[in-house]
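All values derive from a computational prediction rather than experimental measurement.
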Amino acid sequence: MRKSSNIFDKPAFAKKFHQSSIRYKYAVAIQALRTEAGMTQEQLGQIMSVPQSSIARWENGGTNITVETLDKIAQAMHKELKIDFQ
């Protein structure tokens, strides 16, 4: 009987999956924050002086987002950015 391989045992895949998972968590948080404030992507983009398409990419996890950008989002939403290690 062949031993089944676990795709997560492959370091390259595991790394890519982890990175995607982190982007997804931030994407969901950004979208929730914006919708909770009753804002459209266009409105948030105007406050931040970025195109609506940038907001869309951040919210769909399609791009790596920097800490600086996360902080700008927090400031635009009158929130404090907190990053911790658990």
Side-chain angles (χ1 to χ4, degrees):
M1 185 187 317
R2 288 177 74 180
K3 181 181 175 186
S4 65
S5 67
N6 183 340
I7 197 158
F8 288 98
D9 290 339
K10 298 180 180 185
F13 178 82
K15 180 180 179 183
K16 188 76 165 173
F17 180 84
H18 180 68
Q19 289 171 337
S20 296
S21 176
I22 291 170
R23 280 198 305 260
Y24 179 75
K25 288 176 186 176
Y26 284 113
V28 169
I30 293 166
Q31 183 179 25
L33 185 65
R34 179 183 57 76
T35 55
E36 181 181 294
M39 297 175 70
T40 64
Q41 290 179 344
E42 182 70 33
Q43 289 168 325
L44 180 56
Q46 288 174 353
I47 291 169
M48 295 182 64
S49 299
V50 300
Q52 174 273 330
S53 59
S54 293
I55 308 297
R57 278 194 305 277
W58 300 336
E59 289 186 2
N60 72 24
T63 185
N64 284 325
I65 191 164
T66 66
V67 173
E68 290 81 9
T69 300
L70 290 172
D71 190 50
K72 287 178 185 177
I73 293 168
Q75 289 177 25
M77 303 301 293
H78 304 288
K79 300 288 183 176
E80 180 183 357
L81 176 65
K82 292 185 178 183
I83 299 174
D84 65 4
F85 297 93
Q86 297 179 4

Open item on the list: Distance check, rounded to the nearest 0.5 Å: Trp58 atom CH2 versus Leu70 atom CG?
Closed with: 9.0 Å
Task: Tyr26 side, atom OH; Ile65 side, atom CD1 - distance, nearest 0.5 Å - done: 9.0 Å
- [ ] Kindly write out the residues that satisfy side-chain contact (heavy atoms from CB on, under 4.5 Å) with Ala56, not counting sequence neighbours, or none if the list is empty.
- [x] Gln41, Gln52
TODO: Kindly write out the residues that satisfy side-chain contact (heavy atoms from CB on, under 4.5 Å) with Ala37, not counting sequence neighbours, or none if the list is empty.
DONE: Met39, Met77
Task: Listed partners of Gln31 passing side-chain contact (heavy atoms from CB on, under 4.5 Å), at least two apart - done: Arg34, Thr35, Glu59
Open item on the list: Restricting to non-hydrogen atoms, name the atom on Thr63 and the atom on Arg23 that form the minimum distance, rounded to 0.1 Å.
Closed with: O-CD, 3.1 Å
Task: Side chains of Thr40 and Ile55 in contact at under 4.5 Å (non-hydrogen atoms) - done: no
Open item on the list: Could you report the tightest heavy-atom contact between Ala76 and Ile47, atom names first, then the distance?
Closed with: CB-CG2, 3.6 Å
TODO: Would you name the heavy atoms of Gly61 and Ala27 that are closest together and state the gap between them?
DONE: N-CB, 3.6 Å
Task: Inter-residue atom distance Ile73.CD1 - Leu44.CG, 0.5 Å rounding - done: 6.5 Å
- [ ] Measure the shortest side-chain to side-chain distance between Thr69 and Val50 over non-hydrogen atoms and say whether it is less than 4.5 angstrom.
- [x] no
TODO: Enumerate the residue pairs fulfilling salt bridge (Lys or Arg N to Asp or Glu O under 4.0 Å) with a member in residues 37-52, sequence neighbours excluded, ordered by first and then second residue.
DONE: none
Task: Partners meeting side chain to side chain donor-acceptor pair (under 3.5 Å) with Asp71 (sequence neighbours left out) - done: Gln75
Task: Contacts of type side-chain contact (heavy atoms from CB on, under 4.5 Å), residue Ser53, not counting sequence neighbours - done: Pro51, Arg57
